[in-house]
2 protein chains.
Amino acid sequence: MNEAASARSEVPSPRSEAKAVRRQALLDAAAGLFAAQGFSGVSLDDIGAAAGVSGPAIYRHFAGKQAVLGALLVGVSSELLEGGRAAAAGAHPSGAGPDGLADDGAALRALVAFHVDFALSKPDVIRVQDRDFSSLAAEDQAEVRSLQLEYVDVWARTLSRLHPEASAAELRLRAQAVFGLINSTPHSVRRTTRRTAGKLLESMALAALTAPAPS
Amino acid sequence: MNEAASARSEVPSPRSEAKAVRRQALLDAAAGLFAAQGFSGVSLDDIGAAAGVSGPAIYRHFAGKQAVLGALLVGVSSELLEGGRAAAAGAHPSGAGPDGLADDGAALRALVAFHVDFALSKPDVIRVQDRDFSSLAAEDQAEVRSLQLEYVDVWARTLSRLHPEASAAELRLRAQAVFGLINSTPHSVRRTTRRTAGKLLESMALAALTAPAPS
DNA sequence: GCATTCGGTTAATGACGACTAACTGAAGGC
DNA sequence: GCCTTCAGTTAGTCGTCATTAACCGAATGC
């Protein structure tokens with residue numbers, strides 16, 4: 001560990017921030033390839049080639065193929081959780097006086113808008129996340145699972161303000177189903193229709209989240 | 001081609017209907033394994049072992065690994081299309097007099113119920129279908145794609161009776177999104193809660209399908 | 001009964017692909 | 001200016017498969 005990259009992330013970067021760039025290029029390449037052909041359908045040579053370097057150069061950035069997938073999925077899970085927390089919090093600034101229902105609805109809308117936007121802008125990673133989870137190393141699996149559970153819980157807590165009578169299990173199921181709804185389409189949406197598709201998905205997601213519980 | 005298994009499927013079966021049983025066992029085993037680990041994460045030995053025979057015995061039933069996947073996915077796509085047509089037709093018996101809205105609503109509810117039931121009873125195949133499509137041989141890909149498109153169209157036509165003003169593209173997107181909603185949860189639903197989860201998914205799906213179109 | 005068919009089995013064979021080894025050349029620090 | 005570090009490179013190595021070959025033994029048809 002050299003002094004530049006030591007504990008404190010002070011010194012912006014010498015010239016080997018080129019490394020960070022390369023690393024990101026590898027992650028992007030991997031995301032696209034994994035999304036298209038699945039983790040075990042992609043070779044390290046494929047990833048390297050797509051990033052402009054070839055083959056085992058990847059070992060200068062990651063411990064191995066699984067580690068690339070790990071970085072990808074831990075990254076996306078963290079981003080989702082962080083963004084979800086921000087969206088939920090931003091819409092009802094903690095204890096906003098009289099427990100306003102309006103605020104709660106706003107929080108849910110913000111969550112939905114955030115997730116739709118995320119899914120439409122990073123369809124590859126979204127796809128990989130629920131497709132190649134089982135190819136992760138055990139530890140990464142545990143970490144990703146826990147981040148995902150926490151994200152689901154952000155949704156469930158927000159929902160519980162609108163459906164105080166519903167069980168936690170039902171709210172989590174609703175959240176998961178809506179993730180499926182939102183995540184299932186990005187592949188087939190043309191870039192030009194992103195905005196309109198996004199609005200439609202938001203409307204459908206909110207309708208599903210607030211649909212009456214069956215008897 | 002012996003006389004028993006010739007063009008006309010008359011003679012029920014000699015004693016080598018054991019073959020049909022074995023073939024189905026192989027397909028079931030493959031479905032489970034593919035769902036859990038992805039097409040290229042599973043070896044022929046794995047599939048054979050799971051079906052009680054080991055290794056290259058599979059070549060007595062299928063041309064190769066890809067052919068197993070092909071049989072699986074063409075089968076599920078056909079079942080979905082057939083079942084969807086039946087559900088849509090059963091609910092409004094062709095030209096049922098005065099173009100009743102009630103009938104159209106019933107057709108949609110029947111479609112939703114059919115798909116929910118299918119997804120909950122065969123979660124493995126559902127998972128494989130949208131996960132390993134890209135591992136199919138080109139011809140199988142074409143066939144599956146066309147069956148899927150036709151299935152989406154059954155939904156879109158049914159929806160168009162309720163939303164005559166909506167574009168075909170919007171209706172197809174709605175259908176796809178709802179497939180995502182329904183298909184995303186079977187993995188995580190305990191067998192004991194199938195029925196209640198199914199009811200909830202139906203309610204959410206219908207709400208999403210009839211959600212107002214955004215301005 | 002007897003020859004054939006056929007579902008299975010266990011050894012090759014041949015690719016392919018993750019990972020390692022040995023080497024190179026350009027920074028960077030001093 | 002010299003020594004070290006380090007991102008890359010190319011050539012193995014070793015396992016893991018899909019697929020094929022060579023054999024079996026029980027049904028089946030005649």
Side-chain angles (χ1 to χ4, degrees), chain A residues 1-6 10-27 29-30 33-34 36-72 132 135-137 140, chain B residues 1-6 10-27 29-30 33-34 36-72 132 135-137 140:
Chain A
M1 202 177 283
N2 66 45
E3 54 180 288
S6 71
E10 295 183 27
V11 199
S13 50
R15 203 175 275 182
S16 34
E17 66 155 356
K19 181 162 188 179
V21 171
R22 193 42 68 77
R23 181 190 154 97
Q24 192 55 47
L26 286 169
L27 285 174
L33 289 168
F34 290 163
Q37 317 177 50
F39 177 73
S40 35
V42 174
S43 76
L44 282 176
D45 282 358
D46 291 340
I47 300 173
V53 330
S54 250
I58 294 171
Y59 287 91
R60 297 294 171 194
H61 300 271
F62 301 94
K65 196 185 171 190
Q66 255 189 341
V68 177
L69 183 65
L72 218 44
D132 292 313
S135 299
L136 282 172
D140 289 338
Chain B
M1 201 173 286
N2 66 44
E3 53 180 288
S6 70
E10 294 182 30
V11 200
S13 48
R15 204 174 275 181
S16 35
E17 64 156 359
K19 181 161 188 180
V21 171
R22 193 43 67 76
R23 181 190 155 97
Q24 192 55 47
L26 285 168
L27 285 174
L33 289 167
F34 290 163
Q37 317 176 45
F39 177 73
S40 34
V42 174
S43 76
L44 283 177
D45 283 357
D46 292 338
I47 300 174
V53 328
S54 248
I58 294 172
Y59 287 91
R60 297 295 173 194
H61 300 270
F62 301 94
K65 195 185 172 190
Q66 253 189 342
V68 177
L69 183 66
L72 218 47
D132 291 313
S135 298
L136 282 172
D140 289 338

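Since the structure is predicted, the reported quantities are computational estimates derived from the model, not experimental observations.
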All heavy atoms of B:L33 vs all of B:V42, minimum pair found to be O-CG2, 3.5 Å

Would you find a donor on one side and an acceptor on the other, under 3.5 Å apart, between the side chain of A:K19 and the backbone of A:R60? yes

note: B:R22, atom CZ; D:dA27, atom P; distance rounded to Å ~ 14 Å

**Message:** Looking at B:D132 and B:F39, would you say the former's side chain and the latter's main chain have a donor-acceptor pair under 3.5 Å?
**Reply:** yes

Within a strict 4.5 Å, meaning less than it, do heavy atoms of the B:F62 and B:L27 side chains meet? yes

From NZ of A:K19 across to P of D:dT5 the rounded distance in Å is 14 Å

Of C:dG8, C:dA11, C:dA18, the nucleotide closest to the side chain of A:L44 is C:dA18

Original post:
According to a strict under-4.0 Å criterion, is A:R23 in side-chain N/O contact with OP1 or OP2 of D:dA7?
Top reply: no

Exercise. Taking C-beta and beyond as the side chain, do B:V68 and B:L26 meet within less than 4.5 Å on heavy atoms?
Worked result: no

Here the distance between atom P of C:dG17 and atom CZ of A:F39, to the nearest Å, is 13 Å

Taken to the nearest whole Å, CD/B:E17 to P/D:dA27 is 15 Å

- Message: Assess the residue pair B:S135 and B:L69 against the criterion (side-chain contact (heavy atoms from CB on, under 4.5 Å)); give the C-alpha distance rounded to whole Å, side-chain angles, the decisive distance to 0.1 Å, and a yes or no.
- Response: CA-CA 8 Å; B:S135 298; B:L69 183 66; 3.8 Å; yes

Sorted by number, residues from residues 57-66 of chain A placing a heavy atom under 4.0 Å from DNA chain D are A:A57, A:R60, A:H61

So A:V42, base contact, sugar-phosphate only, or nothing? Heavy-atom distance under 4.0 Å. sugar-phosphate

Between CG of A:D45 and C1' of C:dC19 the distance, given in whole Å, is 11 Å

